[in-house]
Amino acid sequence: MFKFAVQVLLPKLNLIKCSSKNYSGGCDGDDKPKSAFSVIKPAPPVEIFHMIKLFQDDKDPKKVNLSVGAYRTDEGKPYVLPIIKKCEKELVNDPKLNHEYLPILGDPQYRKLAMELLLGKDNCAIIEERVLPIQTISGTGAVRVGCDFLAKCMKRRVAYCSNPTWENHFGICRTAGFKKVKGYTYWNPKKRNLAICKLLSELAEAPEGSVVILHASAHNPTGTDPSRKQWKQIAEVMKSRNLFPFFDTAYQGFASGDIDRDAWPVRYFIKEGFELLAAQSFSKNMGLYCERAGCLVLVLNDKKHIPNVASQLTLLVRQNYSNPPAHGIRLVTKVLGCEENRCEWASTVKKMSSRIKEMRKALSEKLVELETPGKWDHIVKQIGMFSFTGLKPQHAEKLINDKHIYMLKSGRINVCALTTKNVEYVAQSINEVVKADPLDDGEDCDEDGDDDDADDDCDE
């Protein structure tokens, strides 16, 4: 009887096919169900991390990685600041240390110290208790939470980012929900400096209430910052158009070597009566890249609104990552919370900044010595971690493929990755590719077509 049932029913069972489009299991044989994930298209690789992978896979002994935005010693090695090593040992040996959740908006002491570092302890906004700092997942997290808040809670619809800028700015603004994300001209590619007149004229035409993302210091990728007089012009235009400033402060101390000097633009805007947001990161100036220590600072004109703002930010964070990590901010707190530690850190940052300046000078001088076509003094005039060299995508491709020198196609290089041992090889390689395919420098004219220096202030 059993044998009969098998002989009769089995052929019928084989007719049953896994035909449902939503079926998530598997079947034997060739007739597999279509995956629900088949609609996903490949995204382009993130350029910097793609360069890191290519560099790591490269076996050439002369290889140089000028792409990643991280400080390197003159031996080309990652640098753990001595004060960070000291504070880390203290944390490990602290019997009171635990791994409990932090508050949703972060550790109160850390938030206070980060705010004071950016604004200055004697800032009128701090004294009047109209500043709200919140801990974030590094500077990127601060930019994202800030944009979420501006777009979703404050209903801002238009955001402006400098052109060029850190590529993540545009993506974050769009993902956060701004209806329009536009670029404002920042860079003069002919003169390789700030296009101040175009910058001011384009901001003067921005819709009222638009959010403008500004780099507080060491502009990424150009390494070119406005002068104080130009910052005042920018503030004047933004005030006349009722534009909302959002400062990205990722390199405090790296531009000039002076912590307070690099914060001047943010402090000036507050002095001028602006309400604003500012994103902070301790990745670069404390070398805490993977620890994701950041802060979002909100400056209001009336402290009575802070509880409402804090409540909305609490929901945004809760629905995003719930609460922030602790290890990195504990190190920052130990550094900033002790005057002796803070002084040692500030001294180290100054030394790091000085090494970057030395490498700028070495590269520029070597290119001039080799009679490389074009002008190269802009490398020395620029500040911070990066240099916008003026090299074109075809030059970058040639350097990667033929010379094993990894850089972004925009021509941006990380000056920190240059050392006394590799700077001559890098200069010689740049010289070779530029002589084979000269730069199109054009005439020495500014963005308006006259012979004025585009670095001058724009008097309109």
Side-chain angles (χ1 to χ4, degrees), residues 47-48 51-52 54-56 58 60-81 166 192 217-225 250-251 253-257 283-285 287 289 348-392 395-435 439:
E47 187 181 11
I48 290 177
M51 288 295 113
I52 294 173
L54 292 178
F55 174 79
Q56 290 172 341
D58 193 333
D60 193 281
K62 287 186 177 181
K63 67 179 182 178
V64 181
N65 187 2
L66 301 180
S67 62
V68 64
Y71 183 83
R72 294 292 182 261
T73 66
D74 195 46
E75 289 71 41
K77 303 296 184 183
Y79 184 52
V80 180
L81 278 63
W166 178 52
R192 300 194 189 116
S217 60
H219 183 273
N220 179 6
T222 69
T224 299
D225 290 346
Y251 306 97
F254 259 73
S256 66
S283 292
K284 308 298 192 295
N285 57 18
Y289 304 99
T348 302
V349 170
K350 191 169 186 178
K351 290 177 184 176
M352 294 163 75
S353 176
S354 295
R355 197 189 88 75
I356 296 171
K357 292 173 185 176
E358 290 170 4
M359 289 299 100
R360 287 185 179 280
K361 183 180 178 184
L363 179 61
S364 177
E365 288 180 350
K366 193 64 185 176
L367 289 169
V368 172
E369 179 187 324
L370 293 168
E371 298 182 351
T372 308
K375 293 183 177 180
W376 301 98
D377 58 339
H378 61 282
I379 294 175
V380 178
K381 291 178 180 178
Q382 293 166 356
I383 55 177
M385 183 175 283
F386 302 114
S387 175
F388 219 39
T389 60
L391 296 174
K392 305 301 182 184
H395 297 128
E397 184 178 0
K398 197 79 172 169
L399 288 167
I400 293 168
N401 294 335
D402 296 352
K403 300 298 181 180
H404 307 273
I405 296 174
Y406 294 86
M407 60 184 295
L408 303 188
K409 63 184 178 182
S410 66
R412 190 201 82 171
I413 65 170
N414 174 20
V415 184
C416 308
L418 295 172
T419 71
T420 53
K421 300 175 185 66
N422 69 24
V423 67
E424 185 169 353
Y425 173 68
V426 170
Q428 289 172 344
S429 299
I430 292 174
N431 175 64
E432 187 176 319
V433 300
V434 171
K435 283 185 174 178
L439 295 168

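Computed from heavy atoms alone, side chains included, the values below leave out hydrogens, waters and symmetry copies.
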Using 0.5 Å steps for rounding, measure from the NE2 atom of His219 to the CD atom of Gln382.
11.0 Å
If you define the side chain from C-beta out and look only at heavy atoms, does anything of Val380 sit under 4.5 Å from Lys357?
no
Can you establish whether the number of heavy atoms outside Lys361 located under 6.0 Å from its atom NZ is more than 12?
no
Heavy-atom side-chain contact between Ile430 and Val426 under 4.5 Å
yes
Heavy-atom neighbours of Glu75 CD exceed 12 at 6.0 Å:
yes
Shortest non-hydrogen contact from Leu367 to Asn431?
CD2-N, 4.4 Å
Answer yes or no: are there more than 12 heavy-atom neighbours, outside Lys435 itself, under 6.0 Å from its atom NZ?
yes
Has the side chain of Lys63 got a donor or acceptor atom that lies under 3.5 Å from a matching backbone atom of Phe55?
yes
Would Ile52 and Ile48 satisfy side chain to side chain contact (heavy atoms under 4.5 Å, CB included), going step by step from the backbone distance to the final call?
CA-CA 6 Å; Ile52 294 173; Ile48 290 177; 4.3 Å; yes
Please report the closest heavy-atom contact between Val433 and Lys398, naming both atoms and the distance.
CG1-CG, 3.6 Å
Is it true that the NZ or CZ of Lys403 lies under 6.0 Å from the centre of Tyr425's six-membered ring and within 45 degrees of the ring axis?
no
Mind checking whether Val415 and Leu363 have side chains closer than 4.5 Å, heavy atoms only?
no
Non-hydrogen atoms of Pro373 and Val434 that approach each other most closely
O-CG1, 3.7 Å
Hey, what's the ring geometry for Phe254 with Tyr71, parallel, tilted or perpendicular (30° and 60° as the breaks)?
perpendicular
Between the CZ atom in Arg192 and the NZ atom in Lys375, the distance rounded to the nearest 0.5 Å is 9.5 Å
For the backbone of Ala417 and the side chain of Asn65, can you confirm whether one donor and one acceptor N or O come within less than 3.5 Å of each other?
no
Within-4.5 Å side-chain heavy-atom neighbours: Tyr251 and Asn285:
no
Smallest heavy-atom separation, Trp166 atom then Pro221 atom, equals N-CD, 4.3 Å
Check the pair Leu391, Leu399 against side chain to side chain contact (heavy atoms under 4.5 Å, CB included), reporting the backbone distance first and the verdict last.
CA-CA 10 Å; Leu391 296 174; Leu399 288 167; 4.0 Å; yes
Are there more than 12 heavy atoms of other residues, nucleotides or ligands under 6.0 Å from atom NZ of Lys409?
no
Heavy-atom closest pair, residues Arg355 and Thr73:
NH2-O, 3.8 Å
Please list, chain by chain and in numerical order, all residues satisfying salt bridge (charged side-chain N to carboxylate O under 4.0 Å, His left out) with Glu358, sequence neighbours excluded.
none
Please step through side chain to side chain contact (heavy atoms under 4.5 Å, CB included) for the pair Leu408 and Phe386, ending with a clear verdict.
CA-CA 11 Å; Leu408 303 188; Phe386 302 114; over 6 Å; no
Pair Met352, Thr348 - check side chain to side chain contact (heavy atoms under 4.5 Å, CB included), show working.
CA-CA 6 Å; Met352 294 163 75; Thr348 302; 4.0 Å; yes
Any side-chain heavy-atom pair of Ile400 and Met51 under 4.5 Å:
yes
For Ile379 and Ser364, the nearest pair of non-hydrogen atoms, with its separation, is CB-CB, 4.4 Å
For the atom pair OG1 (Thr389) and CE (Met407), what is the distance rounded to the nearest 0.5 Å?
4.5 Å
CD-CD distance between Gln428 and Glu369, expressed to the nearest 0.5 angstrom
9.0 Å
Can you tell me how far OG of Ser217 sits from CG of Asp225, rounded to the nearest 0.5 angstrom?
6.0 Å
Atom pair CZ (Arg412) and CD (Glu47), whose distance is rounded to the nearest 0.5 Å:
8.5 Å
List the steps, then state whether salt bridge (charged side-chain N to carboxylate O under 4.0 Å, His left out) holds for Lys366 with Glu424.
CA-CA 7 Å; Lys366 193 64 185 176; Glu424 185 169 353; 3.6 Å; yes
